[in-house]
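Order of the sequence lines sets the chain letters (A, B, ...), proteins ahead of strands, with each chain counted from 1.
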Amino acid sequence: MINKSIKELSRMLRSGQVSSLELAQEYLKRIDKLNPEINAFVTVDPELTLSQAKHADILISKGHQNPLTGIPIAQKDIFVAKGWKTTCGSKMLENFIGPYDAGVIEKFDNAGAVNLGKTNMDEFAMGSSNETSYFGKVKNPWDRDRVPGGSSGGSAAAVAARLCVAATGTDTGGSIRQPASLCGLSGLKPTYGTVSRYGMIAFASSLDQAGPMARSCEDMALMMNVMGGFDERDSTSLNRPVEDYSRDLNKPLQGLRIGLPKEYFGEGLDTGVDQVIQQSISEFRKLGAEFVDISLPNTKLSIPVYYVLAPAEASSNLSRFDGVRYGYRAPEYNDLIDMYCKTRAQGFGAEVKRRILIGTYVLSAGYYDAYYLKAQQIRRLIAQDFINAFEECDIILGPTAPSTAFKTGEKADDPVAMYLQDIYTIAVNLAGLPGMSIPAGFAGNLPVGLQIIGNYFDESRMLNVGHAYQQVTDWHSRMPEGI
Amino acid sequence: MQWEVVIGLETHTQLKTKSKIFSGASTAFGAEPNTQACEVSIALPGVLPVLNKEAVKCAIKFALAVDAEIAPRSIFARKNYFYPDLPKGYQISQYELPVVSKGTLRIQVADYEKTINITRAHLEEDAGKSLHETHEGMSGIDLNRAGTPLLEIVTEPDMRSAAEAVAYAKKLHELVQWIGICDGNMQEGSFRCDVNVSVRPKGTEKLGTRREIKNLNSFKYMQQAIEFETQWQIETLEDGGTIHQATVLFNPDTGETRAMRSKEEANDYRYFPDPDLLPLVITDKEIEIARSEMPELPEEMKTRFERSYHLSPYDAASLTSSRSVADYFLTTVDGCGGEPKLAANWVMGSVAAKLNEEGKSIGDSPVSPLQLAGLLKRIIDNTLSSKMAKEVFDGMWSGEGDADSIIEKRGLKQVTDIGAIEAIIDEVLAANAPMVGEWKAGKEKAFNALVGQAMKASKGKANPTQVNEILKKKLSAS
């Protein structure tokens, strides 16, 4: 049961082989058993979950057609959900109960999906290992001494340990793709503007984008059919026709031109990871794809550019956490300024404070031109690299992360080493392009993710490429031991 | 030494939209604290701004009214600072690329006219309010106002006296109400002025160091504050001191300005483009739509009054001094069947005098323009003499009803029947033979006395013009 696809489960629900209530109870039992060790969920609320499941059973009995109806999923704790604790992994929001529903939450509710709970994450989505969460580290189900990646590490671990069928994540610099890679599952960051950001607690507004994390591309397509679409409450949401992301899943790959950027296969890439990627390239050749060598010359600038722009936006986005209206407030203070200082000093963790400091610095008078403006200029060059590359190929392929899951604590004191985890993923956010990671094998018993980057709005084709691969491989169906 | 004061104004104009600039919450004034604060107004985690197009239309209308440039593409920026009444920790404003730039406003000061250059006008959101009186030992925050749309209108340092500054502020105040983008209520903070003041030796070019007088919400205070500040700066410099750039507040009780904070400790606002909002793009079509909704502007209307109504420039200016006066006048003209000169005399005469006496604005006039028109009709058709009309007007003012019913009630109908007037005059001539003799002897005064007698005999109801004519005829014939 726990390794079934959304499509299979949906068929079972419809035929009455299982009820949504039974499914939800089964998964809640698993969470009860495994979560104390893995710490993938920060909030479970069986009462809320089971009432949703009962409602879903009614919908199914009335013939409700959405494939997600009655399917138990998990929501990253970055989405505000009415009646649910919404912490964003921070002490700042430890006791914050969502007073309204995020656009994404609303869409899953309307589809009749069942929310099993809120998943752990790096504090305010700042991190690549899930070690910055105020609610404790998340363990990688493949090796519990290792990190699951981040910032959507809770969602990744939850799907990998089959504590839910699928989950939502958000990706600002790789936060869906890198944990998907490290936990052996499929994760998609759509084109910027495809999924509503309304109610998704902002880290870096011009980069943040929500997407699905699931076992397979087929499941992700079904998730995207629910998540995607225009939301007038988000001014950066794109008003485009509704898409069926499943429509191209079974297209043949004959003649597909796949670009291999030389910058993604050089120094810094783990040899074990490289070998897995090379094997996947042969698989795609067998499927009829052609390969072209391409170059993304400004790749090396993406990390410095990102670490100017993302903290700049974050420093401003996080100003609302000031202890005045909601969230944490320091218990003792002398005056207003002291209240601000103590609240924010006590309420935010070290990584969040580091980025607020960087962001405040780069926006300051006298530094703005040299940092923020310059970074914006380079951001356009990076986007142009991709536009040029897509003249020569249909899709870009490479590793998602430079290595497999690393040991907990290994990079915790070395922010730059941690930031390099996102070397292959960040440019995609800077360009606003869709990017995806799918499991492609193992290096030293740890999952390796293959990254597929598409042109703007090419999610259907990317899912098609991933699905074709998942028809001839079984990496995506592998499960860690002991779950 | 002769000194010259240099003044520039920044005016925060609250735009008269139903909902806030970046959310659907209401902008109505005076509600219970925090009852008009939606999730966006209180900056809950995850909420996002969506621009209210009505606020943009207001900005376009203002640009059209001051003949300014409208940016086809402008940018919303975040102005970052911490304050409890600023829920997001930043204000969404416009910085490098404002929506409106390079406009002009013509002002009239005493006996001369002058053009004031408007540097820019940009859209931004208002902050909430801190309430320091409501909770003992604590401060309350009311976020009803947070997110109310503002158009901040900034001038060049073009003004050279408090009088010019006040004339500009008054003209702007009237204009934004005239074009319907602001309710102009200064007590409620709908129109707030910051005044930058500096002084320099007369004849020199270089600007002195300025101090900014914040949040003036009456023209009287503005005049007093500028006068005090100017004098203070001159005295400071003459005593060998220097002026430091600062923000100052005006205290109406003492009539003094005092520094609130010096600019050295001012915030670095870390402006940057708001990534939650797209650039504001204004199309020619949007401009045309706004233009089609624009009322006739005061200058245009003034010219029309002079040309078509043959009013004097002074009368035309007075009647277009505010939208409410102009509307009152135009409704009166229409209602009485088109006697603009008569209507002008009454609006600027009896109506203005009464309003002035009772400290009322024209919007609160007990006599509506249509009621006034009803009175004018009876003057035009000779039912009433001007003296009788005044009496009817007083009756209308004290709420006795329309002109016709007062005329009826008081029996004020003017006698215009020639036969009736002739009969009265015959009686008067018979009873006052000595006076007729005096007239014949060449005493002109006697004629007026006879008119007086005739009017008295008719109890004031005879038409004086007719009395004059008939009397003259009869005397000459006798």
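The most heavy-atom pairs under 4.5 Å with chain B, out of A/Phe321, A/Tyr367, A/Tyr368, A/Tyr340, come from A/Tyr340. Note on B/Leu277, B/Asp274, B/Val47: by heavy-atom pairs under 4.5 Å with chain A, the leading option is B/Val47. Ranked by heavy-atom pairs under 4.5 Å with chain B, the first of A/Gly199, A/Ser206, A/Ala102 is A/Gly199. No other option in A/Val362, A/Val80, A/Thr360, A/Leu318 has as many heavy-atom pairs under 4.5 Å with chain B as A/Thr360. The candidate from B/Gly89, B/Ser23, B/Pro87, B/Pro49 with the greatest count of non-hydrogen atom pairs under 4.5 Å with chain A is B/Pro87. Among A/Thr86, A/Asn317, A/Leu363, the residue with the largest count of heavy-atom pairs under 4.5 Å with chain B is A/Leu363.
For the pair A/Ser319 (side chain) and B/Phe82 (backbone), a donor-acceptor distance under 3.5 Å is absent. A side-chain donor-acceptor contact under 3.5 Å links A/Arg320 to the backbone of B/Leu44. When atom types are taken as modelled, the side chain of B/Asp268 and the backbone of A/Ala365 share a donor-acceptor pair closer than 3.5 angstrom.
With a 4.5 Å cut-off on non-hydrogen atoms, B/Asp276 touches chain A through its backbone and its side chain both. In this structure, no portion of A/Gln376 lies under 4.5 Å from any heavy atom of chain B. Interface remark: A/Ala204 contributes no atoms to any contact with chain B (heavy atom separation under 4.5 Å). For a residue to count as touching a neighbouring chain, one of its non-hydrogen atoms must lie under 4.5 Å from one of that chain's; by this rule A/Ile78 does not touch chain B. Of the atoms belonging to B/Tyr81, not a single heavy atom falls under 4.5 Å from chain A. In this structure, chain B has a heavy atom under 4.5 Å from the side chain of A/Tyr372, while its backbone stays farther away.
Atom CZ of B/Phe272 and atom OG of A/Ser315 lie 6.0 Å apart (nearest 0.5 Å).
At most 12 heavy atoms of other shown residues, nucleotides or ligands fall within 6.0 angstrom of atom CG in B/Asp284. Within 6.0 Å of NZ in A/Lys374 there are 12 or fewer heavy atoms belonging to other residues, nucleotides or ligands. More than 12 heavy atoms of other residues, nucleotides or ligands lie within 6.0 Å of OH in A/Tyr456, so this atom counts as buried by the packing criterion. Remark: A/Lys342 NZ is packed, more than 12 non-hydrogen atoms of other residues, nucleotides or ligands lying under 6.0 Å away. B/Tyr83 OH: 12 or fewer foreign heavy atoms inside a 6.0 Å radius.
Residues A/Ser316 and B/Tyr90 share a closest heavy-atom pair of OG-CD2, 3.2 Å.
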| task | Apply side-chain contact (heavy atoms from CB on, under 4.5 Å) to B/Val50 and A/Glu232, showing your working. | result | CA-CA 8 Å; B/Val50 177; A/Glu232 61 181 9; over 6 Å; no
